[in-house]
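As structure tokens, the structure follows; a few thoughts come after it.
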Amino acid sequence: SQQGEEDPQALSIQEGENATMNCSYKTSINNLQWYRQNSGRGLVHLILIRSNEREKHSGRLRVTLDTSKKSSSLLITASRAADTASYFCAYASGGSYIPTFGRGTSLIVHP
Amino acid sequence: KAGVTQTPRYLIKTRGQQVTLSCSPISGHRSVSWYQQTPGQGLQFLFEYFSETQRNKGNFPGRFSGRQFSNSRSEMNVSTLELGDSALYLCASSLGGQGNTEAFFGQGTRLTVV
């Protein structure tokens with residue numbers, strides 16, 4: 001399986017600002033998920049968007065999916081220091097439902 | 001309900017030894033997947049077990065093996081450890097249905113091979 005690519009690799013912002021992370025992939029997908037990982041710990045599932053959906057919201061999170069461009073974005077609005085973490089996209093493609101993870105975006109939110 | 005539990009949290013082993021990691025999935029989840037996370041390679045899929053059978057396998061050597069018990073708990077074994085096996089090993093549990101891959105992860109086992 002081919003890993004997705006997240007952009008940027010690292011992002012540093014001030015509290016209160018918005019953070020946008022992008023994920024690109026190379027194959028057609030069944031769905032795409034976003035996860036958060038605090039330093040050296042397990043992954044926390046944030047949101048799942050299906051291939052027939054274009055946008056999804058969950059609290060301060062907004063995820064978009066553009067299957068024609070094979071890309072997704074995660075927007076965190078009004079960021080907080082507690083949002084400091086690595087964010088990963090993961091997608092299942094073809095006949096497989098095993099998610100393939102991107103390399104992640106490291107987000108630092110300065111108080 | 002309780003989340004995914006991985007034990008032990010930390011482990012130090014010597015090259016050539018073997019190690020067994022354990023994962024208890026969320027109650028009712030029948031699928032357990034294992035991932036290796038390293039700074040260089042990111043999250044790499046090892047294998048997935050469903051109803052005591054290995055259903056999917058990643059591209060890892062045969063030194064990496066696993067099994068799943070009737071209560072869905074899973075173990076992963078690595079034999080003849082190499083320095084490069086040092087990593088965070090994560091397991092994820094899910095219902096196992098093909099339409100929904102939402103997976104819930106444990107805190108991981110940090111393995112250091114010296």
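Convention: sequence-line order gives letters A, B, ...; per-chain numbering from 1. On a predicted model such as this, the values are computed, not experimentally measured, just so you know.
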Between A:Thr84 and A:Val109 (side chain of the first, backbone of the second, donor and acceptor by atom type, cut-off under 3.5 Å), is there such a pair?
yes
What I want to check is whether the side chains of B:Arg73 and B:Ser22 have a donor and an acceptor closer together than 3.5 Å.
yes
Sort by residue number and list every member of residues 78-90 of chain B having a non-hydrogen atom under 4.5 Å from chain A.
B:Leu88, B:Leu90
Do the side chains of A:Arg103 and A:Glu6 get close enough for a salt bridge, i.e. N-O under 4.0 angstrom?
no
Qualifying residue, where the test is ring-ring contact (aromatic ring centres under 6.0 Å, His included) with A:His45 and the options are A:Trp34, A:Tyr35, A:Phe88
A:Tyr35
Interchain contact, B:Gln37 with chain A, by part (heavy-atom threshold 4.5 Å)
side chain
Minimum heavy-atom separation for A:Thr64 and A:Ile49, please, with both atom names.
C-CD1, 4.3 Å
Has the side chain of B:Gln41 got a donor or acceptor atom that lies under 3.5 Å from a matching backbone atom of B:Thr38?
no
Mark yes or no for whether A:Ser24, through its side chain, and A:Ser71, through its backbone, hold a donor-acceptor pair below 3.5 Å.
no
Of B:Phe60, B:Phe64, B:Tyr35, the residue whose pairing with B:Phe45 passes ring-ring contact (aromatic ring centres under 6.0 Å, His included)
B:Tyr35
With a 3.5 Å cut-off and no angle check, do the side chains of A:Ser51 and A:Asn30 form a donor-acceptor pair?
no
Does anything in residues 104-114 of chain B get under 4.5 Å of chain A by heavy atoms, and if so which residues?
B:Phe105, B:Gly106, B:Gln107, B:Arg110
Just wondering, more than 12 heavy atoms not from B:Arg15 lying within 6.0 Å of its CZ?
no
